[in-house]
Amino acid sequence: MFSFILRRLLQSVLVMAAVSALSFSLFNFVGDPVNNMVGQEASPEDRQNIRDALGLDDPILVQYVRFLGNAVQGDFGLSYRSKQDVSDMILERLPATLELVAVSAVIALVIGVVAGVYTGIRRDSWLSRSILSVSLVGVSLPTFIIGIGLIYLFAVYLRLLPSSGRAGVTDLGFWRTSFLTVDGWRAIILPALTLSLFQTTMILRLVRSEMLEVMRTDYIKFARARGLSDRAINFTHALRNTLVPVVTIIGLNIGGLIAFSIITETVFQWPGTGLLFIQAVEFADVPVMAAYLMFVALMFVIVNLIVDILYVSIDPRIRIGSS
Amino acid sequence: MTTDPTPHQVASRPRMWTRIRESDIGYSFFRSPFAMVAAAVTVAFLLAAALAPWIAPYNPFDPAQVSLWDGKLPPSFAGGDERYFLGTDNQGRDLWSTILYGGRLSIIIGLAAVFFGMTLGVVLGVVAGYLGGWVDTLIMRVADVQLTIPGILVAILINGVGQIMLPQELRAEFSVYVVIFAIGLSDWPQFARVTRGAALVEKEREYVQAARVIGLPGWLIMWRHVLPNVLRPVLVLATIGLALAIIAEATLSFLGQGVPPTTPSLGTLIRVGQEFMFSGLWWIAFFPALTLVILVFAVNLLGDWMRDALNPKLR
């Protein structure tokens, strides 16, 4: 168990090293950093002063180590475009992304598990069949097309919900939330629904197949023979045993939600970190891109590590297999 | 693949059709209406892509054939001008022609990206499986780590990095190659994993051992003996991968980071169309999106059928 986690930790460190090297190399490939910081009329001496201050003439390895040291302290410098502190920019937009991801995860979980259990128990009813065919469409449609479709239906045609942006935001000092106003909720519904659709289908299909599997086992037959109610069998005996794989899938899917949040945020112009990245690429804003790359890598490494540890502690078979 | 070019078979050429029909895969194909429809639609798309310059009524990139006066016309069946079957976009380009050219670009990029990812993955997979040892560990570790990150995220990040590394003046010309590179890099681990598994099995077979006994060098055994025998599962993956690559390209272009608007792909067209959706010009986004959905759906169905038909376990 210990060596397993240690190995995973080492792997995480390697991933971070690779991503940080990539982020660092961006600074050297894209133009002259000094040009991006001073105006056209800066004198050669001014430029050289900045070069010295930034240590741009040091050996590349020294610069890399300095970059790492700063990154660990959350210092990625100033954005080329807005001249703001990059970490502040990301932190400022983080609540928008996290709230979107959280609402999507809840939608995916609730609809996915409920529909999965239903289609697993009543697998021949017409409702199950239609749920499954709709879910097939959900898997094969690209995220941004689902988003555009929802915008057209609910914002342009029915005029029920806003089409883009975040509204009704309350500032709590450390966190800007849209959960406290009706407008905030109205604005988050469509993007959250778009983001959750793919995950909903995944969870639905997983729960369904697990339920079908469990329903065939002897202990379910025995529970029926004992004359327990359907309700008791379905929920206490069957559902509970399907949850182990569901927990891991959900953990891994948080990574998927972060990935697809880039697309969803662009479709809905949702002011989160994903949109920040897309805009940074458009304007070649290297510090923002570097910080976002590191940030996403860190999120993934942490989520995967937690899932691994959870997995090992939930399922003892893995522990035996790895040692 | 299994036909021997013996004179006897060349002579009985008219019966080739029967042979195809009666082969395992042919049998499965002609029994599955879904597979036949999917294959027909896919072939139609490929033909349309190949012949776009000849079947498109207008050349949307020729300024002489485009007039701003004709901009934003609805489809001819919805009260528009009868010269433009699917209407025109904001710049007066015939939407049907633009979709033909856009679909052509989407398919070309998809095929190129899959080919690149497949080549990379298959080569690394065969090498890892055949050589084993630390080479295997290294390659598969990298693949495992990359597999924990969704492909589309890898593609978006690599593409973003690649695009800004291009000098501004070269962006319009070379961004297509960055897109292909990014999508290809995002899906090699799938190919590597499958190929490695198959190569591990083939490595132990007698014919490989025989080749080793007669003293053939390792690369030749890998290239001529192992590689041809691991390609079957790769074919399935490549088909499903094509659908994913087309989606990935459309997504990148939709995000404004793929091919430039001067040579639009389906994703770029949808991006442009989205802006006009709010003023009621639904067709500019709708028809490219519909095209993309049908294309992806058909290729996906074909891939699903191939997976079932080529998998001996399911027979």
Checklist entry - Where does B/Leu292 contact chain A at under 4.5 Å (heavy atoms): side chain, backbone, both or neither? => result side chain

Item to check | Option that, when pairs with chain A are counted at under 4.5 Å, heavy atom only, ranks first among B/Ile156, B/Asn300, B/Asn159, B/Val296 | outcome: B/Ile156

Checklist entry - Got more than 12 heavy atoms from elsewhere within 6.0 Å of CH2, B/Trp96? => result no

Next on the checklist: Show the nearest heavy-atom pair for residues A/Phe300 and B/Ile149, with the distance to one decimal.
Outcome noted: CE2-CA, 3.9 Å

Item to check | For the student: nearest non-hydrogen atoms of B/Met165 and A/Ser25, plus distance | outcome: CE-OG, 4.3 Å

Item to check | From B/Ile164 atom CD1 to A/Phe283 atom CZ, the distance as rounded to the nearest 0.5 Å | outcome: 13.0 Å

Checklist outcome for this item: Heavy atoms of A/Ile148 and B/Phe254 approach each other most closely as CD1-CE1, 3.7 Å

Item to check | B/Phe181 atom CZ: more than 12 heavy-atom contacts under 6.0 Å | outcome: no

Item to check | Rounded distance (nearest 0.5 Å) linking atom CZ of B/Arg141 with atom CZ of A/Arg7 | outcome: 7.0 Å

Item to check | Heavy-atom pairs under 4.5 Å with chain B, option from A/Ile258, A/Val15, A/Val156, A/Ile278 with the top count | outcome: A/Ile278

Checklist entry - Should we say atom CZ of B/Phe278 is surrounded by more than 12 heavy atoms from elsewhere, each under 6.0 Å from it? => result yes

Checklist entry - Going from CD on B/Gln257 to CD1 on A/Ile262, what distance comes out if it is rounded to the nearest 0.5 angstrom? => result 8.5 Å

Checklist outcome for this item: Bottom line for B/Ala250: the part with an atom under 4.5 Å from chain A's heavy atoms is both

Item to check | Region of A/Ile263 that comes under 4.5 Å of a non-hydrogen atom in chain B | outcome: both

Item to check | A/Tyr157, part contacting chain B, at a heavy-atom distance under 4.5 Å | outcome: neither

Item to check | Between A/Val267, A/Leu141, A/Leu14, A/Thr143, the one whose heavy-atom pairs under 4.5 Å with chain B are most numerous | outcome: A/Val267

Item to check | Side chains of B/Leu255 and A/Val281 in contact at under 4.5 Å (non-hydrogen atoms) | outcome: no

Next on the checklist: I need the residue from B/Thr251, B/Ile247, B/Ile152 with the largest number of non-hydrogen atom pairs under 4.5 Å to chain A.
Outcome noted: B/Thr251

Next on the checklist: A side-chain contact here means heavy atoms from C-beta on lying under 4.5 Å apart; do B/Leu157 and A/Phe277 qualify?
Outcome noted: yes

